[in-house]
Protein chains: 2
Amino acid sequence: MVDVAPNRTATLAGVGVVGSSHELTLDARLLVIAEAVDQWLDAFKPDVLAIERVFAQTNLSTVMGVAQVSGVVMVAAARRGIPVAMHTPSEVKAAVTGNGRADKALVTAMVTRLLRLDEPPRPADAADALALAIAHAWRSGAAFSAGSESSTPAQQLWRAAETKSKVTKNKEKPGNAWH
Amino acid sequence: MVDVAPNRTATLAGVGVVGSSHELTLDARLLVIAEAVDQWLDAFKPDVLAIERVFAQTNLSTVMGVAQVSGVVMVAAARRGIPVAMHTPSEVKAAVTGNGRADKALVTAMVTRLLRLDEPPRPADAADALALAIAHAWRSGAAFSAGSESSTPAQQLWRAAETKSKVTKNKEKPGNAWH
């Protein structure tokens with residue numbers, strides 16, 4: 001959860017990683033995640049929820065589980081009238097680092113810097129989630145107000161990175177798995 | 001929804017097919033399905049819910065959506081303490097027709113006969129769902145009581161079909177998409 005100001009400054013509101021035991025049945029594991037998401041959405045009441053867009057082509061062994069979880073998360077948001085946005089990993093990496101193929105270490109470093117944190121969010125999945133939230137706010141223009149003019153050199157850098165990401169993004173072909 | 005007696009006789013309790021408009025966003029479509037499933041589970045309070053086990057390898061273009069829906073349905077059951085069972089399409093076909101590669105027409109015909117219906121359930125998805133429910137009850141042995149001895153010639157036929165299905169089922173390799 002991040003707050004993103006009109007001048008694009010992002011501030012950490014909270015971050016969590018939900019895990020479930022391998023020993024549970026699949027439905028019980030999904031319920032653990034569903035209940036955690038319910039709690040987060042009720043506690044923070046976010047304006048929008050961003051999730052990673054995953055392609056069936058990418059990783060067959062995990063794509064089913066990821067899709068099941070994404071369905072559960074989308075319904076949790078929809079029940080509360082919270083819009084859902086989807087971005088690909090490379091869109092997120094490009095938005096926060098300027099490079100759609102940035103590695104996890106760079107994404108984590110940039111997220112740490114953008115949120116002015118004393119130490120990197122752990123585990124790496126937490127940094128990924130925060131990068132996704134920041135990227136959504138920036139890409140959607142939600143963080144811009146028309147009269148916003150102040151920007152630090154760092155923010156100008158991020159804007160340049162975002163412009164670059166818009167060039168990058170057309171190279172991806174989302175297919176029709178999500179339609 | 002089917003009731004299956006200890007002597008394996010299956011009776012239709014209700015059947016429905018939920019659709020959602022292509023014009024809705026994905027989260028709104030999943031919510032339509034989630035709310036319908038909630039209503040069915042609350043209305044019928046089933047002892048168990050069976051869903052089709054889908055393999056990521058089978059149909060890349062639809063597997064993501066199917067997995068999202070299955071996640072939503074599993075959580076709906078888990079929230080109510082209803083156990084979830086999964087069976088592959090060929091397990092279901094084998095259980096109700098004796099042939100794991102039966103076509104939709106044969107599955108529909110057998111479901112119609114097993115449930116003693118005047119006409120076939122429509123659309124074909126409804127017949128598939130009923131076949132899955134019957135197959136689960138039979139395969140799990142939930143419908144058997146130890147002292148059950150009465151069986152009509154038709155029921156003996158189904159038992160023979162099920163035995164055949166048990167031979168068939170080991171040919172399938174579920175992979176690890178669901179783990």
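Note on naming: letters A, B, ... go to the chains in the order of the sequence lines (proteins, then strands), and numbering restarts at 1 for each one. Any value given below was found using the heavy atoms of this structure, including those in side chains, with hydrogens, waters and symmetry copies removed.
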Checklist entry - If you take all heavy atoms of V75(B) and L30(A), which pair is closest and at what distance? => result CG2-CB, 3.5 Å

Next on the checklist: Distance check, rounded to the nearest 0.5 Å: D27(A) atom CG versus I51(B) atom CD1?
Outcome noted: 8.5 Å

Item to check | Rounded distance (nearest 0.5 Å) linking atom CZ of R29(B) with atom CE of M74(A) | outcome: 11.5 Å

Taking a hydrophobic cluster as the set of Ile, Leu, Val, Met, Phe, Trp and Tyr residues connected by side-chain heavy atoms closer than 4.5 Å, whether directly or through intermediates, do [X] and [Y] fall within one such cluster?
{"X": "F44(A)", "Y": "L49(A)", "result": "yes"}
{"X": "L41(B)", "Y": "L31(B)", "result": "yes"}
{"X": "L24(B)", "Y": "V37(B)", "result": "yes"}
{"X": "V96(B)", "Y": "V48(B)", "result": "no"}
{"X": "V17(B)", "Y": "V2(B)", "result": "no"}

Next on the checklist: Quick check on R80(B): does its CZ atom have over 12 non-hydrogen neighbours (other residues, nucleotides or ligands) under 6.0 Å away?
Outcome noted: yes

Next on the checklist: I'd like to know whether CG of D103(A) has more than 12 heavy-atom contacts from other residues, nucleotides or ligands below 6.0 angstrom.
Outcome noted: yes

Checklist entry - So do Q68(A) and Q68(B) actually touch side chain to side chain, heavy atoms under 4.5 Å? => result no

Checklist entry - Mind checking whether M86(B) and L26(A) have side chains closer than 4.5 Å, heavy atoms only? => result yes

Checklist outcome for this item: Comparing V84(B), V69(B), T25(B) against chain A, the one with the most heavy-atom pairs below 4.5 Å turns out to be V84(B)

Checklist entry - Which residues, numbered in order, of residues 115-123 of chain A come under 4.5 angstrom of chain B by heavy-atom distance? => result none

Next on the checklist: So if I take each residue of residues 126-134 of chain A and look for any heavy atom under 4.5 Å from a heavy atom in chain B, which residues do I end up with?
Outcome noted: none

Next on the checklist: Whether R79(B) and D38(A) form a salt bridge (side-chain N of Lys/Arg under 4.0 Å from carboxylate O of Asp/Glu) is what I want to check.
Outcome noted: yes

